Amino acid sequence: IMNKRSIKSIAAIAVAIVVLCGLSILIVAVQGYFTFLSPDKVGVLWSEDLKVIQTWVAGGRILGGASFFALITAFLMKSIKGLKSGILFPAGNVPVLYLCALAFFIYHFCQSNVGLLTGTEQNLLFDTDDLVISFIIVAFAMIYKVAVKVSEENSLTI
C-alpha cells in the first residue's frame, strides 16, 4: 500500500501543520483576551450602538478560529492514526470536515468584520470567500465520504 518513507513524510508535514495550528489557536486566544479585557491595547473601540454585533464578531472569531484549527489538528491526527493501521480514509474524518466548513465560515466571516471592532467599519460585511471556501470544504468532505466508502468496499474485496 504505502511505504514507510511516504508515511514518515506525511507525518512530518502533519506535525508542522499541527504546530502551526497550535500557534494559530494561541494567537486567536491572545487576541480574544485583549479584545475583551484590554481593548485599548489592540485598538478595539466598543460602541453602544454596535456592541451586540461587535460581541458576536469578537466571540465568533475566537470560537470559530480556535475550533477550525483544532478540527484541522483532529483531522490530521485521525489521518496519521489511520495510516499507521493501514486505513487511508478514516470514516471519523467525514464529520470533522463538515465541522471544519462551519468553523471556517464563522471564523472567516468574523475576521472579515474585524473593522466593526476597530471602528473602521459601521456595517456588517459579507465576503464571498466566506461562502466559497466553506462550500469547497463541504465538497471535499463529500468526496472524502465517497472515498471512505470505496476504501471500505475495497478492503472487503478478496
Side-chain angles (χ1 to χ4, degrees), residues 9-84 87-149 151:
S9 296
I10 292 170
I13 291 170
V15 167
I17 293 170
V18 168
V19 168
L20 290 173
C21 284
L23 289 172
S24 297
I25 290 170
L26 182 64
I27 289 168
V28 168
V30 168
Q31 289 173 340
Y33 171 83
F34 283 111
T35 297
F36 286 107
L37 300 177
S38 293
D40 52 324
K41 290 184 180 178
V42 289
V44 172
L45 303 170
W46 291 104
S47 163
E48 285 303 316
D49 296 338
L50 299 173
K51 195 158 194 152
V52 171
I53 294 173
Q54 287 176 314
T55 302
W56 278 99
V57 166
R61 187 170 170 273
I62 296 163
L63 294 176
S67 297
F68 177 69
F69 295 118
L71 288 163
I72 293 287
T73 300
F75 176 85
L76 289 170
M77 296 301 199
K78 286 176 184 277
S79 296
I80 297 299
K81 186 178 177 183
L83 284 175
K84 287 182 179 179
I87 300 169
L88 190 57
F89 298 101
N93 273 343
V94 174
V96 171
L97 287 171
Y98 285 116
L99 290 171
C100 273
L102 177 63
F104 178 83
F105 177 79
I106 292 168
Y107 174 62
H108 202 269
F109 177 76
C110 293
Q111 183 67 27
S112 297
N113 284 287
V114 163
L116 289 170
L117 299 173
T118 61
T120 58
E121 284 293 330
Q122 295 296 313
N123 298 311
L124 203 57
L125 302 173
F126 182 76
D127 186 356
T128 55
D129 289 354
D130 304 336
L131 206 52
V132 171
I133 295 171
S134 297
F135 276 127
I136 289 170
I137 296 170
V138 167
F140 181 74
M142 295 169 89
I143 292 167
Y144 192 94
K145 185 176 181 179
V146 170
V148 167
K149 189 172 185 173
S151 179

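Fair warning: this is a prediction, and the values are worked out from it, not measured in the lab. Values below: all heavy atoms of this structure, side chains included; hydrogens, waters and symmetry mates excluded.
- From Lys51, atom NZ reaches atom CG of Leu116 across 14.5 Å, with rounding to the nearest 0.5 Å.
- Contacts of Ser112 classified as side-chain hydrogen bond (donor to acceptor under 3.5 Å, both in side chains), with partners at least two apart in sequence or in another chain: Asp130.
- Side-chain contact between Val57 and Leu117: present, with at least one pair of heavy atoms (C-beta onward) separated by less than 4.5 Å.
- Listed by chain and residue number, Phe104 satisfy the ring pair (Phe, Tyr, Trp, His ring centres under 6.0 Å) test with Phe68 (two or more places apart in sequence, or in another chain).
- Here NE2 of His108 is found 12.0 Å from CG of Leu131. Values are rounded to the nearest 0.5 Å.
- Listed by first and then second residue, the ring-ring contact (aromatic ring centres under 6.0 Å, His included) pairs that reach into residues 35-54 are Phe36-Trp46, sequence neighbours excluded.
- Under the side chain to side chain contact (heavy atoms under 4.5 Å, CB included) criterion, Val138 pairs with Tyr98, Ala101, Met142, not counting sequence neighbours.
- Applying the side-chain hydrogen bond (donor to acceptor under 3.5 Å, both in side chains) test to pairs two or more places apart or on separate chains, those with a residue in residues 20-45 are Gln31-Arg61.
- Legend: residues meeting side chain to side chain contact (heavy atoms under 4.5 Å, CB included) with Leu45, ordered by chain and number and at least two apart, are absent.
- Between the side chain of Glu121 and the backbone N or O of Asn113 there is no donor-acceptor pair closer than 3.5 Å.
- The stretch residues 109-141 participates, sequence neighbours left out, in these ring-ring contact (aromatic ring centres under 6.0 Å, His included) pairs: Phe105-Phe109.
- The structure places NZ of Lys145 at 12.0 Å from CG of Leu97, a figure rounded to the nearest 0.5 Å.
- When the side-chain hydrogen bond (donor to acceptor under 3.5 Å, both in side chains) test is applied to Ser151, no partner is found at least two apart in sequence or on another chain.
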Side-chain donor-acceptor pairs of residues 75-82 under 3.5 Å, sequence neighbours excluded:
| residue | atom | partner | partner atom | Å |
| --- | --- | --- | --- | --- |
| Ser79 | OG | Phe75 | O | 2.8 |
| Ser79 | OG | Asn93 | ND2 | 3.0 |

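- Residues satisfying the side chain to side chain contact (heavy atoms under 4.5 Å, CB included) test with Val146, not counting sequence neighbours, are Val150.
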Identify each donor-acceptor pair in which a side-chain atom of residues 11-20 lies under 3.5 Å from a protein atom, sequence neighbours left out, and give them as a table.
none

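- Residue Ile72 holds its CD1 atom at 11.5 Å from OG of Ser67, rounded to the nearest 0.5 Å.
- With rounding to the nearest 0.5 Å, the separation of CG in Leu50 from OG1 in Thr55 is 10.0 Å.
- When all heavy atoms of Ile106 and Gly64 are compared, the closest pair comes out as CG2-CA, 4.1 Å.
- The side chain to side chain contact (heavy atoms under 4.5 Å, CB included) check on Ala91 picks up Val148, Glu152, with sequence neighbours excluded.
- Residue Cys21 holds its SG atom at 10.0 Å from CG of Leu71, rounded to the nearest 0.5 Å.
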